[in-house]
Amino acid sequence: MKNFIKGILVMALLGFLSACWGGDKVDKNQGNEPALDLAEYFNGPVKAWGMVQDYTGKVTRRFDIDLVGSWEGNVGTLNEVFHFYDGEEQKRTWTLTKVAPNRYEGTASDIIGVAQGKSAGNAVRLAYQMDLDVGESKYRVSFDDNLYLMNDGVIINRAFIKKFGLTVGELTVFMQKQN
């Protein structure tokens, strides 16, 4: 019982420390070029390739994404079709709204509540929760998506998947706007 309590205290302390040191990472990209404008980049077709890694770094899934975005004013719709290499296909439709300069909110049918986004320079951070299917089980996890626009027009998206404040997986996606 003592070890269990010590484990809980260590997990709580690690979660607290990561919150203190983390800050708002996207602000560190202020002024970085090229600037990432979500409405500009995600207007039309985008092709993406990605993988999911567990907490040990082992690749557990690989996939391609066909994405088409469109914007009307401050509201964008992103239709995503995931093609997993094991044959599974998933669809997600995001609705993103620019609610203030450099601030976004997003919703999708499998997202819990409203995703909160912020942009600075060449980066956008989007934080949200979702129920993630793992085998026969479902786990409520937090996603910390960090998108970075590179000089050649490619976006690198690193997402950290967290449970109880601890990183349990990572998602890496490379995106390329299509003509």
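This one's a predicted model, so the numbers in the text were calculated from it and none came from an experiment.
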Basic-acidic side-chain contact under 4.0 Å: Lys138, Asp131: no
State, without any angle test, whether Ser119 and Asn102 hold a side-chain donor-acceptor pair at a distance under 3.5 Å. yes
Working to the nearest 0.5 Å, report the span between CD of Glu80 and CD of Gln90. 10.0 Å
Beyond-backbone contact of Arg103 with Lys98, side-chain heavy atoms, under 4.5 angstrom: no
Could you go through Trp94 and Thr107, starting from their C-alpha distance and side-chain angles, then the distance that decides it, and tell me whether this counts as side chain to side chain contact (heavy atoms under 4.5 Å, CB included)? CA-CA 6 Å; Trp94 278 97; Thr107 58; 5.9 Å; no
Step through the shown structure and confirm whether more than 12 heavy atoms of other residues, nucleotides or ligands are within 6.0 Å of OH on Tyr55. no
Under 3.5 Å, is there a donor-acceptor pair linking the side chains of Asp133 and Tyr139? no
Test side chain to side chain contact (heavy atoms under 4.5 Å, CB included) on Val124 and Leu38; report intermediate values, then the result. CA-CA 8 Å; Val124 171; Leu38 290 181; 4.0 Å; yes
Contact summary for Asp145 and Ala159, nearest pair of heavy atoms: OD1-CB, 2.7 Å
Identify, with sequence neighbours excluded, every residue that meets ring-ring contact (aromatic ring centres under 6.0 Å, His included) alongside Tyr104. none
Apply side chain to side chain contact (heavy atoms under 4.5 Å, CB included) to residues Met150 and Ile155 and explain how you reach the verdict. CA-CA 6 Å; Met150 309 306 285; Ile155 286 180; over 6 Å; no
The reported gap from CD1 in Ile112 to OG in Ser142 (rounded to nearest 0.5 angstrom) is 10.5 Å
Same hydrophobic cluster for Phe63 and Phe160, using side-chain heavy-atom links shorter than 4.5 Å among ILVMFWY? no
Approximate separation, where rounding is to 0.5 Å, of Asp64 CG and His83 NE2: 7.0 Å
Side-chain heavy atoms nearer than 4.5 Å, only ILVMFWY residues, links allowed to pass through others: does that put Leu126 and Ile65 together? yes
Determine the interplanar angle of the Phe143 and Tyr128 rings, folded into 0 to 90°, and report it as parallel if under 30°, tilted if 30 to 60°, perpendicular if over 60°. parallel
Please confirm whether the backbone N or O of Ala35 pairs with a side-chain atom of Asp37, one donor and one acceptor, at under 3.5 Å? no
Among pairs that include at least one residue of residues 167-179, which meet side-chain hydrogen bond (donor to acceptor under 3.5 Å, both in side chains), considering only residues two or more places apart or in two chains? Arg158-Glu170
Verify whether the ring centers belonging to Tyr41 and Trp71 lie closer than 6.0 Å. no
Quick one: which of Arg140, Lys91, Arg92 gives a salt bridge (charged side-chain N to carboxylate O under 4.0 Å, His left out) with Asp110? Arg92
Glu88, CD atom: more than 12 neighbouring heavy atoms under 6.0 Å: yes
Minimum heavy-atom separation for Asn43 and Ser70, please, with both atom names. OD1-CA, 3.6 Å
Taking only Lys NZ, Arg NE, NH1 and NH2, and the carboxylate oxygens of Asp or Glu, determine whether Asp86 and Arg61 approach each other closer than 4.0 Å. yes
Assess the residue pair Asn79 and Thr93 against the criterion (side chain to side chain donor-acceptor pair (under 3.5 Å)); give the C-alpha distance rounded to whole Å, side-chain angles, the decisive distance to 0.1 Å, and a yes or no. CA-CA 5 Å; Asn79 292 302; Thr93 299; 2.9 Å; yes
Given Leu147 and Met175, is the side chain to side chain contact (heavy atoms under 4.5 Å, CB included) satisfied, shown in steps? CA-CA 10 Å; Leu147 291 82; Met175 301 178 201; 4.2 Å; yes
Shared hydrophobic cluster for Ile111 and Leu67 (ILVMFWY, side-chain gaps under 4.5 Å): yes
Under 3.5 Å, side-chain donor or acceptor atoms of residues 45-54 against the rest of the protein: list the pairs with distances, not counting sequence neighbours.
{"residue": "Lys47", "atom": "NZ", "partner": "Asp66", "partner atom": "OD1", "Å": "3.2"}
{"residue": "Gln53", "atom": "NE2", "partner": "Gly57", "partner atom": "O", "Å": "2.9"}
{"residue": "Asp54", "atom": "OD1", "partner": "Thr56", "partner atom": "N", "Å": "2.9"}
{"residue": "Asp54", "atom": "OD1", "partner": "Thr56", "partner atom": "OG1", "Å": "2.6"}
{"residue": "Asp54", "atom": "OD1", "partner": "Gly57", "partner atom": "N", "Å": "3.2"}
{"residue": "Asp54", "atom": "OD1", "partner": "Lys58", "partner atom": "N", "Å": "3.1"}

What pair of heavy atoms forms the shortest contact from Gly69 to Leu78, and how long is it? CA-CD2, 3.7 Å
Is there a path of hydrophobic side-chain contacts, each under 4.5 Å between heavy atoms, that joins Val141 and Val134? yes
